[in-house]
Every structure is written in structure tokens, then in C-alpha cells.
Q: 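I have a structure I would like to understand better, so I am pasting it below and will then ask my questions one at a time.
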Protein chains: 2
Amino acid sequence: MASISVNDVAAAAGVSVGTVSNVLNRPDKVSPGTVARVRAVISDLGFVRNDAARQLRAGRSRSLGLVVLDVANPFFTDLARGAEARASEEGLSVLLGNTDDNCAREAAYLDLFEEQRVHGVLISPLGDISERLTLLRSRGTPTVLVDRQTEDHSFSSVAVDDVAGGRLAAQHLVDIGRTRIAFVGGPSNIRQVIDRLQGAREAVAEHPLASIDVVDTDALSVLAGRAAGQQILDRAPGERPDAIFAANDLLAIGVLQALNMRGDLLVPRDIALIGYDDIAFAAAAVVPLSSIRQPSALIGYTAVDLLLREAEGGDAFEHEHIVFQPELVVRESTGA
Amino acid sequence: MASISVNDVAAAAGVSVGTVSNVLNRPDKVSPGTVARVRAVISDLGFVRNDAARQLRAGRSRSLGLVVLDVANPFFTDLARGAEARASEEGLSVLLGNTDDNCAREAAYLDLFEEQRVHGVLISPLGDISERLTLLRSRGTPTVLVDRQTEDHSFSSVAVDDVAGGRLAAQHLVDIGRTRIAFVGGPSNIRQVIDRLQGAREAVAEHPLASIDVVDTDALSVLAGRAAGQQILDRAPGERPDAIFAANDLLAIGVLQALNMRGDLLVPRDIALIGYDDIAFAAAAVVPLSSIRQPSALIGYTAVDLLLREAEGGDAFEHEHIVFQPELVVRESTGA
DNA sequence: AAAACTAAGTGAATCGTTTCATTTCGGTTG
DNA sequence: CAACCGAAATGAAACGATTCACTTAGTTTT
């Protein structure tokens with residue numbers, strides 16, 4: 001059951017291992033007859049290259065790591081798709097690591113990827129891990145932040161202006177005449193949540209009549225949204241907001257489910273609702289959801305592209321910060 | 001910039017490489033003082049194990065491959081989550097490969113996983129690739145089919161009885177008095193689609209008044225569902241079905257979007273609609289979607305478990321076929 | 001015909017970790 | 001005190017693909 005190696009192939013084909021390797025990697029350097037003979041032996045013997053040996057020799061693997069907050073969030077799967085598209089153009093594959101907002105898992109994936117000597121790491125980081133990332137980079141693994149920048153701009157990044165997005169959302173709520181706005185989101189160590197809230201605060205601050213309060217959640221999921229919605233329903237009627245800005249669409253959908261279960265509170269009549277990300281399901285929600293659209297696949301594509309350029313450029317590479325602008329999408333949940 | 005190896009660590013700590021390796025893998029075999037010293041050097045020098053070298057030596061990698069039809073489908077991300085849960089209990093990681101219903105990509109991932117000498121492969125196969133899988137297994141990579149069985153039961157599998165699920169769905173539509181049923185699904189080389197349709201046909205056959213026709217789609221996505229919905233709307237009113245069974249929830253949501261855009265056809269009044277998978281978004285749809293629930297995370301968890309047992313047992317292992325029963329979930333889209 | 005190329009092929013060295021047969025040494029036993 | 005023991009540590013061999021300096025043989029050039 002011992003696996004077939006280049007040696008076995010070489011022996012069976014009556015050539016040297018070097019030639020087998022050349023057939024595999026530079027067939028043009030080998031005479032056509034030999035190529036054919038070696039190829040025949042390869043398929044006869046069922047030889048399969050051992051990637052570990054290749055990598056060991058090459059020093060680097062042919063994949064890159066992508067660490068995201070939540071694979072169940074379509075925003076991230078879209079992003080992953082975009083990343084994979086660019087990576088496969090270079091013959092690289094993408095390893096997907098899912099942290100579920102958990103710092104320990106985030107650290108574990110970074111360790112794993114570093115041990116695998118991945119070509120580079122794309123990460124949508126949780127807390128402040130710039131130290132860990134600096135270490136990673138100093139040991140030779142280029143790193144690009146997605147959907148986030150560090151304070152000191154020391155890492156290349158591809159992001160969407162979340163403050164602007166938050167502003168767009170809250171401004172829109174104010175524009176349709178709402179004044180008592182609730183921001184549903186958390187946990188509050190997630191940058192995206194912080195920025196979107198900040199943007200919303202800025203927009204609200206410009207309107208003397210409008211106010212905003214925060215309903216904290218412990219995840220950015222449908223379930224957490226449902227809990228937040230319930231919490232809002234439990235308030236005395238006078239205490240309830242007339243608009244809700246959810247930090248992402250999953251939360252918004254959860255909130256919507258909670259409100260709907262109740263029945264007497266209508267969206268948008270009593271409470272307007274806007275989400276964030278504009279995932280495919282937003283348009284299909286009970287009440288089609290207004291949202292802030294981000295070019296998710298493009299972010300992934302661009303991030304890999306930037307990563308490759310950074311890898312190419314080495315230490316000399318000037319870190320780049322690409323920022324996309326979000327876009328307001330109005331649907332019934334905030335409509336007439 | 002050359003990376004630090006066990007040799008460097010050994011030299012700096014004044015021990016042999018064997019001892020460094022023991023500190024890494026069997027610290028109890030090394031005296032406490034030495035362990036501490038070596039560990040200190042490791043963190044000083046920033047030594048990171050080279051996984052490729054480990055794997056080369058070990059002969060197998062510490063990950064397993066999961067090949068799915070569509071990462072954008074929450075059913076598969078839930079399944080992946082379950083798989084990861086079981087895998088991480090054994091210290092294994094899961095590599096996710098997304099085929100997008102594309103045979104070439106499926107083959108590419110199998111090649112990749114085989115070159116990586118993964119511990120095993122979980123696959124939700126597209127066409128008939130039992131030959132390829134037999135080869136894979138014969139070379140020592142255990143394989144478990146998820147969400148699918150081969151005709152000859154020669155592979156272990158964890159699946160849901162899709163025929164029963166199709167029957168449940170169609171029976172339910174008939175039970176609420178619908179007779180002109182449209183099945184929306186495709187492409188027709190996907191087993192799940194075939195089985196669900198067959199189940200539906202069986203249920204319909206028992207009712208003399210009921211009939212079923214098929215609206216073929218080229219993918220199992222929201223977009224494809226929208227196109228199918230449009231196609232149904234384009235028919236003359238008399239030709240339209242009074243119920244639609246979509247092969248999965250993504251399609252159902254797409255169909256729903258198309259019907260809703262039109263406005264004069266109401267779900268469920270004019271057309272009842274049922275999906276399949278019961279993804280989290282089904283309950284949150286414009287009209288909350290009836291669906292067939294599958295224990296997605298459990299499938300993934302069980303599949304990895306089975307894979308591990310198969311790996312353990314070697315060739316002697318008796319292939320197992322675990323079949324879960326699906327469950328009807330009734331919501332408004334087929335309700336009163 | 002000698003010198004200078006080129007194309008094709010060779011095979012030893014290399015990558016970094018793990019393993020295992022072996023050595024070292026302080027302590028215990030008969 | 002010789003013989004033995006176990007714990008701790010050693011270091012060479014192995015894993016399998018790739019690389020590169022080198023040979024061989026055949027073709028041009030002058």
C-alpha cells in the first residue's frame with residue numbers, strides 16, 4: 001500500500017528522477033517520446049504527486065488563507081468566491097477559516113496557516129491583533145486586511161467605508177422622518193459594528209430632533225437579531241424606536257422575524273428597518289429589506305490581487321489601502 | 001529571511017534535533033528543565049513548525065477535504081460547520097472545495113486533495129464519479145458520500161432520504177387541495193434533484209386528479225429560481241400551476257421574488273410554494289416558506305465520524321449507509 | 001576536423017521534521 | 001563492586017519532489 005513515488009516511476013520508465021520531474025513541470029525540456037513514455041507509466045502506476053514534498057522543497061505552499069468572521073454570512077461567502085476567482089487565476093487555492101467571532105479560533109487558524117507556509121493571509125480580524133499579524137508578516141507571510149483597516153495603516157487593506165455606510169443608513173432613516181432610532185449590533189469589539197454605529201451617530205447628530213440608542217447583541221446572526229427584536233418588543237410602547245438600523249442583514253432578518261411574530265407592529269409603518277451588506281436574501285425578506293450594499297465579491301478579488309502584489313514587492317512594497325464606497329438600497333422596509 | 005528550523009533551535013538550545021522534536025511532540029519524555037529551555041529558544045527565535053516537512057514524514061496530512069456543490073447555499077455551510085466540529089475534536093482541519101455544479105472543478109478539487117494526501121474526503125458528488133472515487137480510495141484515501149448514495153452502495157454514505165422528502169412535499173401540496181403542480185429544479189444530473197422529483201412523482205401518482213410538470217433550471221440558486229418564476233408567469237393564466245415544489249430553498253426564494261414582482265398573483269392563494277432544506281432564511285421570506293427540513297449540521301458531523309471509523313478500520317471496514325429522515329415544515333407559503 | 005554549440009538526460013544534494021536504534025550516566029540491586 | 005536499569009538525550013536515516021551542475025551525443029560553425 002506504499003504510495004508510488006517519482007523513483008518508482010523513473011525506474012519503471014527507465015529514466016532518471018530528474019527527467020520525471022521535468023516531465024511533470026517542464027515537458028518542453030524533454031523529448032516527446034520520453035514524455036509519452038513517462039506519462040504512460042505515471043497513469044499505469046497511478047502515481048500522484050506528493051504535495052508535501054513539493055512544498056517542502058519550494059518553501060511555500062500554493063494556497064492562501066482566508067480568515068472570516070462567519071461563513072454562514074453570505075457576505076463572506078461572496079467575498080470568498082471573489083477571492084477564489086483571483087487566486088485560481090494564479091493557480092493558487094484558498095483555505096477558508098471560520099472564526100465565529102472567537103479569538104481563540106482566529107489565533108488557531110493563523111497558527112495553522114503559518115505552519116502551512118501559505119502564500120499569504122487575508123483576514124477580517126476580530127479584536128486588535130496587529131501584533132500577531134506583524135509577527136506573521138515579519139516571518140515572511142504577506143497579509144492583507146479585508147473589510148477593515150488598522151489604526152496605523154501599517155497593513156495593506158481592502159475595505160468599505162463603514163462609517164460612510166452607517167451615515168447613509170441613518171441619514172436615510174432621518175430623511176423618511178424617523179427620529180427615535182435603535183442601532184442593533186454587537187459584539188462591540190468588532191470594527192465593522194463600531195464604525196457603522198459611529199457613522200450613524202454622526203448622521204443623527206446633525207438632526208436636533210433625532211436620537212439613537214444601542215441594542216447590544218452577542219453575535220451578528222439571525223438568532224441574535226431575533227433576540228434583539230424581542231427585547232425591543234418587550235419595551236413599553238412609548239419607549240420603542242420608530243426605526244431600527246441593524247449592523248448587518250442577518251440581524252435585520254432576525255429582528256424582522258421577531259416583529260412579525262408579534263403581528264400588531266408593522267414594518268415600515270410603525271418601525272422602519274434597514275440592514276447592511278445587501279445579501280441575496282435581503283430582497284426576499286418578509287418585508288423586502290433596505291440595506292447598504294457592498295461589492296463583496298469585488299472586495300475578495302481585489303484583496304487577493306493586492307496580496308499578490310505585496311508578495312511580489314517584498315518589504316519594499318508600499319502598503320495600499322483600497323476603500324470602496326457603500327451604496328444605499330431602498331426597499332419596502334423603509335419605503336412608503 | 002531564511003526560516004528557522006529545528007536545527008537552529010537545537011543549536012541555540014544546546015540540544016539535539018531529536019530533543020527539540022520531542023519537546024514539540026512528547027514533552028513528557030524530556031526533562032522539565034530542558035523543555036523550558038527549548039521552549040524559551042523557540043519563542044525567542046520565532047520558530048514555526050513546517051507542516052510540509054511533518055506531513056512528508058507522516059505520509060498523511062492532518063486535514064480532510066469536503067467537496068460541496070455550492071458554498072452560497074446555507075445548507076452546505078451548515079453541513080460544513082458540523083463536519084468541522086467533529087474534525088476539530090480529532091485535531092483535524094477541514095478544507096472546503098466549492099464546485100459550483102461544475103464537473104471540472106470537482107475533478108480539480110479531488111486531484112488537489114489527493115496530492116495533499118488528505119486524511120479523507122467527504123463529497124457531495126455531481127455526476128457519476130464512482131470510478132474516480134474508487135481510484136481515490138484504492139490509493140488509500142477513505143471516502144464518504146454526503147447527501148447521496150451510489151447505486152451499488154460501495155461507498156459509505158450519510159444522506160437524507162430525498163425521495164421521501166419529495167414525497168412529503170408533493171403529498172402536502174395535494175393535501176391542501178392543489179392538483180397542478182410544477183417542479184422547479186435542475187440541472188438534472190444532480191442526484192438530489194432527481195430523487196426529490198421522483199418522490200414528488202410517486203406522491204402525485206397516487207392521486208388521480210393531480211399532475212406534475214417540470215420547469216428545468218440550470219442551477220440551484222436564487223437567480224435561477226427567479227428565471228423559473230418568470231417563465232411560469234409568462235404562461236397563459238390557464239396553463240399556470242396552482243402549486244410549485246422547488247428543489248431547494250434558494251430556488252423557492254427566487255421563484256417567490258419573481259411572483260412578487262408581478263403583484264397580482266398571490267402566494268399561497270393562487271400558487272402554493274414549498275422549498276427544500278429549510279435554511280434559516282426560509283422562515284424570513286416575504287411569505288414564510290414551507291420547506292423540508294434536513295439535519296444539515298448533523299449530516300456533516302456524522303459523515304466525518306463515519307470517515308474516521310472507515311479510516312481506522314482499513315479495507316476491512318464494512319461500508320455503512322446512514323439515512324436521516326426529512327421533516328415537513330409548514331409555513332404560510334402553503335398555509336391557510 | 002577541431003571547436004563550439006545545443007538538446008536531452010543524469011543523479012546527488014537539498015528542504016525540515018520525525019523516528020528509532022543507540023549512547024550516556026546517575027542510581028539501584030544482588 | 002560488578003551488573004543492571006531507566007530516564008534523558010543523541011544523531012543518522014527516511015520521507016519524496018525539485019534543482020542544478022554536469023555528462024553525453026549529436027549538429028553547426030569556421
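Naming: A, B, ... by sequence-line order, numbering from 1 per chain.
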Q: How long is the line joining CG of A:Asp51 and C1' of D:dT18, in whole Å?
A: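 Going from CG in A:Asp51 over to C1' in D:dT18 covers 13 Å.
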Q: Supply the atom-to-atom distance A:Leu79 CG to A:Ser296 OG, rounded to the nearest 0.5 angstrom.
A: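 That separation rounds to 7.0 Å.
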Q: With no hydrogens and no angle check, do the side chains of A:Tyr301 and A:Glu89 hold a donor and an acceptor under 3.5 Å apart?
A: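 Per modelled atom types, A:Tyr301 and A:Glu89 side chains form a pair under 3.5 Å.
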Q: Would you check, one step at a time, whether the test side-chain contact (heavy atoms from CB on, under 4.5 Å) holds for B:Leu64 with B:Val94?
A: CA-CA 5 Å; B:Leu64 67 232; B:Val94 175; 3.5 Å; yes
Q: At under 4.0 Å, does any side-chain N or O of B:Ser16 touch on OP1 or OP2 of D:dG11?
A: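 No, no such contact exists.
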Q: Applying a 4.0 Å non-hydrogen cut-off, can you work out what A:Val15 is touching in the nucleic acid: base, sugar-phosphate, or nothing?
A: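 Sugar-phosphate contact only.
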Q: Within a radius of less than 6.0 Å around CG of B:Asp218, do more than 12 heavy atoms belonging to other residues, nucleotides or ligands occur?
A: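 Result for CG/B:Asp218: open.
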Q: Bend across the helix from C:dA1-D:dT30 to C:dG30-D:dC1, to 10°, with axes taken over 5 pairs at each end?
A: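 Answer for the end axes of this duplex: 50°.
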Q: Tabulated below should be each protein N or O lying under 3.5 Å from an N or O of nucleotides 14-16 of chain D; please produce it.
A:
none

Q: Return the set of residues passing side chain to side chain donor-acceptor pair (under 3.5 Å) with A:Asp147 (not counting sequence neighbours), or none when no residue passes.
A: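 So A:Asp147 forms a side chain to side chain donor-acceptor pair (under 3.5 Å) with A:Gln192.
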Q: Just the endpoints, please: which first and last nucleotides of DNA chain C, 5' to 3', lie under 4.0 Å from a heavy atom of chain A?
A: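 Listed 5' to 3', the contact boundaries are C:dA8 to C:dG16.
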Q: Give a yes or no on whether the backbone of A:Phe75 and the side-chain of A:Asp78 come within a donor-acceptor separation of less than 3.5 Å.
A: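 No, the answer is negative, given that no donor and acceptor are paired below the 3.5 Å cut-off.
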Q: Taking 4.0 angstrom as the limit, do A:Glu84 and B:Arg105 come out as a salt bridge?
A: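 Salt bridge: yes.
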Q: Between A:His153 and A:His319, is the gap from one ring center to the other below 6.0 Å?
A: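 No, ring centres 6.0 Å or more apart.
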Q: Could you give me the CA-CA distance, side-chain angles and deciding distance for B:Asp51 and B:Gln55, then say whether side-chain contact (heavy atoms from CB on, under 4.5 Å) is met?
A: CA-CA 6 Å; B:Asp51 203 48; B:Gln55 280 186 36; 2.9 Å; yes
Q: Can you list every pair that meets salt bridge (charged side-chain N to carboxylate O under 4.0 Å, His left out) and has a residue in residues 12-21 of chain B, with sequence neighbours left out?
A: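 Every candidate salt bridge (charged side-chain N to carboxylate O under 4.0 Å, His left out) pair involving residues 12-21 of chain B fails, so no pair, neighbours aside, qualifies.
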Q: Between the side chains of B:Ser156 and B:Glu310, does any donor sit under 3.5 Å from an acceptor?
A: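 Short answer, yes.
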Q: Kindly state which residues belonging to residues 22-35 of chain A come within less than 4.0 angstrom of DNA chain C, counting heavy atoms of the residue only, listed by number.
A: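 The answer is A:Val30, A:Ser31, A:Thr34.
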Q: Apply side-chain contact (heavy atoms from CB on, under 4.5 Å) to the pair B:Arg117 and A:Ser3, showing each step before the final yes or no.
A: CA-CA 10 Å; B:Arg117 301 289 193 273; A:Ser3 122; 3.5 Å; yes
Q: Under the side-chain contact (heavy atoms from CB on, under 4.5 Å) rule, what do A:Ile123 and A:Leu110 come out as? Steps first, then yes or no, please.
A: CA-CA 9 Å; A:Ile123 182 170; A:Leu110 287 176; 4.2 Å; yes
